[in-house]
There are 2 protein chains.
Amino acid sequence: MSLFSIGELARRADVAIDTVRYYERRQLLPQPKRRASGYRQYDDEDVRRLRFIRRAKGLGFALEDIRSLLDLSLDHDHGVHGLRARAEAKLADIDARIAQLQKVRRGLRQLVADCPGSGALDHCPILAALGAKESS
Amino acid sequence: MSLFSIGELARRADVAIDTVRYYERRQLLPQPKRRASGYRQYDDEDVRRLRFIRRAKGLGFALEDIRSLLDLSLDHDHGVHGLRARAEAKLADIDARIAQLQKVRRGLRQLVADCPGSGALDHCPILAALGAKESS
DNA sequence: CTTGACTCTGGATCAAGCTCCACGGTTTAG
DNA sequence: CTAAACCGTGGAGCTTGATCCAGAGTCAAG
């Protein structure tokens, strides 16, 4: 059995059925095959794709971003127009996110480390970690 | 001059005035002092706090999360009840985010690396990077 | 005092991302 | 054949995070 229903897809990828249809509308998922009755049919590829979307979303990417990531990754057998450029921009964006998260992380760890007894921190290490410099 | 208006605060922290009032309503900012006229008064501490919020938001934290991070960091001179636990949970969350981002990063880098000419990737490295295992 | 720039409050409105609903056809187990 | 469980469509509704607006008071410069 390699084809299954929308409900099955939703279950396998752990998202709501309505969400699947919503993603289809938003072009994050391709138009699926239909059987005579009009029922949608999916395969494992769709499950993978949906899971990818779920993860990317969890990382704070907007659906639009995810769509472009997906396009990016599936364009490979077409031209290599601005592909690299777009991918590299994404990459820089991700690096920045990681760096910022690591700052927060350090701040939090310090908070945890300094607090055990009842703490002597005179002002918040988290605020310090992120609040120090301006910039965006 | 150590006290200033809401407009000035907004300018210094680079957010909209309405956003400042909105954050106040949502308890991310404390109730500010008021002058006789009812005008709000702020100081540098508020600027720092606001900037912190802006950054955390940029990392994908929900306002509610940010509020709790903030509470966490300002609770230090109160009890150390579940502080550590909360902070550690946050920390684990952040570590997970970083790990996931790094996966995407690797996938993207591979995409960039493999594509230069016109690529021979038979299926998306990004999907591979994130799509492999189940879990949340 | 007048004018223009600010500020106040409360509520309406927005965009994103879902989620729910009604009404009607389809499948499938018994 | 029939009931229960699914699925389809289109559109309304909800949550989050802002943003905008009206009507009215305040401030600072000239």
Side-chain angles (χ1 to χ4, degrees), chain A residues 1-43 46-47 49-71 93 136, chain B residues 1-43 46-47 49-71 93 136:
Chain A
M1 187 222 282
S2 62
L3 290 184
F4 38 86
S5 72
I6 191 174
E8 182 63 19
L9 171 63
R11 238 171 283 123
R12 293 194 191 190
D14 193 30
V15 299
I17 278 192
D18 279 338
T19 303
V20 175
R21 285 191 279 243
Y22 176 67
Y23 288 170
E24 183 183 318
R25 257 179 283 169
R26 298 294 305 279
Q27 320 238 48
L28 290 166
L29 291 177
Q31 294 284 122
K33 287 173 186 130
R34 304 286 188 128
R35 24 205 285 202
S37 61
Y39 280 27
R40 293 171 176 76
Q41 285 184 303
Y42 298 95
D43 58 24
D46 297 301
V47 178
R49 198 175 171 104
L50 249 186
R51 284 191 178 146
F52 172 78
I53 296 171
R54 216 160 45 75
R55 293 233 171 69
K57 227 192 19 159
L59 296 177
F61 288 99
L63 292 193
E64 259 313 290
D65 280 349
I66 299 176
R67 202 170 59 66
S68 84
L69 267 179
L70 245 14
D71 289 351
D93 177 63
S136 174
Chain B
M1 184 224 283
S2 60
L3 290 184
F4 40 85
S5 72
I6 191 173
E8 182 64 17
L9 171 64
R11 236 169 287 121
R12 294 194 191 192
D14 193 30
V15 298
I17 278 191
D18 280 338
T19 302
V20 174
R21 285 191 278 244
Y22 176 66
Y23 286 170
E24 181 183 320
R25 259 180 282 170
R26 298 294 305 276
Q27 320 239 46
L28 291 167
L29 292 176
Q31 294 285 122
K33 287 174 186 129
R34 303 286 189 131
R35 23 205 290 201
S37 60
Y39 280 26
R40 292 171 176 77
Q41 285 184 305
Y42 298 95
D43 59 23
D46 296 302
V47 178
R49 198 174 171 102
L50 208 35
R51 285 189 177 149
F52 172 78
I53 296 172
R54 217 161 44 75
R55 293 235 171 68
K57 227 192 19 158
L59 296 177
F61 287 100
L63 292 194
E64 260 314 291
D65 280 348
I66 299 176
R67 202 171 59 66
S68 84
L69 267 178
L70 245 14
D71 289 350
D93 178 63
S136 171

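Any value given below was found using the heavy atoms of this structure, including those in side chains, with hydrogens, waters and symmetry copies removed. Quantities reported herein were computed from a predicted structural model and do not represent experimental measurements. Letters A, B, ... mirror the listed sequences (proteins, then strands); counts begin at 1.
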Chemist: Taking side-chain contact (heavy atoms from CB on, under 4.5 Å) as the test, write out the residues that go with A/Asp18, two or more places apart.
Modeler: A/Arg21

Chemist: Could you check how far CZ of B/Arg35 sits from P of D/dG25, rounded to whole Å?
Modeler: 17 Å

Chemist: Where along nucleotides 2-7 of chain D does protein come under 4.0 Å, by heavy atom, of base (B) or sugar-phosphate alone (S), with - for untouched nucleotides?
Modeler: ----BS

Chemist: Run the side chain to side chain donor-acceptor pair (under 3.5 Å) test against B/Gln41 and tell me which residues pass, sequence neighbours left out.
Modeler: none

Chemist: For B/Arg34 and D/dG25, what is the distance between atoms CZ and P respectively, to the nearest whole Å?
Modeler: 17 Å

Chemist: Would a distance-only check, ignoring hydrogens and angles, find a side-chain to backbone donor-acceptor pair under 3.5 Å from A/Asp43 to A/Asp46?
Modeler: yes

Chemist: Tell me whether the OP1 or OP2 atom of D/dC27 has a side-chain N or O from B/Ser37 closer than 4.0 Å.
Modeler: yes

Chemist: Check the distance between C/dT7's P and B/Glu24's CD and give it to me in whole angstrom.
Modeler: 14 Å

Chemist: Kindly give the atom pairs (protein nitrogen or oxygen, nucleotide nitrogen or oxygen) under 3.5 Å for nucleotides 18-20 of chain D.
Modeler:
residue : atom : partner : partner atom : Å
D/dA18  : OP1  : B/Lys57 : NZ           : 2.7
D/dA18  : OP2  : B/Tyr23 : OH           : 2.7
D/dA18  : O5'  : B/Tyr23 : OH           : 3.3
D/dT19  : OP2  : B/Thr19 : OG1          : 2.5

Chemist: Partners of B/Asp65 by side chain to side chain donor-acceptor pair (under 3.5 Å), sequence neighbours excluded?
Modeler: B/Lys90

Chemist: Take atom CD of B/Gln41 and atom P of D/dT26, then tell me their distance rounded to the nearest Å.
Modeler: 15 Å

Chemist: Do B/Arg54 and B/Leu50 have side chains that get closer than 4.5 Å, going by heavy atoms?
Modeler: no

Chemist: Without decimals, in angstroms, what is the distance between A/Arg67 CZ and C/dG17 P?
Modeler: 12 Å

Chemist: To the nearest Å, give me how far apart OH (B/Tyr42) and P (C/dT7) are.
Modeler: 10 Å

Chemist: Would you say the side chain of A/Ile53 lies within less than 4.5 Å of the side chain of A/Leu70, judging by non-hydrogen atoms?
Modeler: yes

Chemist: Determine whether A/Tyr42 and A/Arg12 make a side-chain contact, defined as any pair of heavy atoms from C-beta on separated by less than 4.5 Å.
Modeler: no

Chemist: Please list, one pair per line, the donor and acceptor atoms closer than 3.5 Å that link side chains of residues 22-37 of chain A to other protein atoms, with sequence neighbours excluded.
Modeler:
residue : atom : partner : partner atom : Å
A/Tyr22 : OH   : A/Arg26 : NH1          : 2.7
A/Glu24 : OE1  : A/Arg40 : NE           : 2.8
A/Arg34 : NH1  : A/Gly38 : O            : 2.8
A/Ser37 : OG   : A/Tyr39 : N            : 3.4

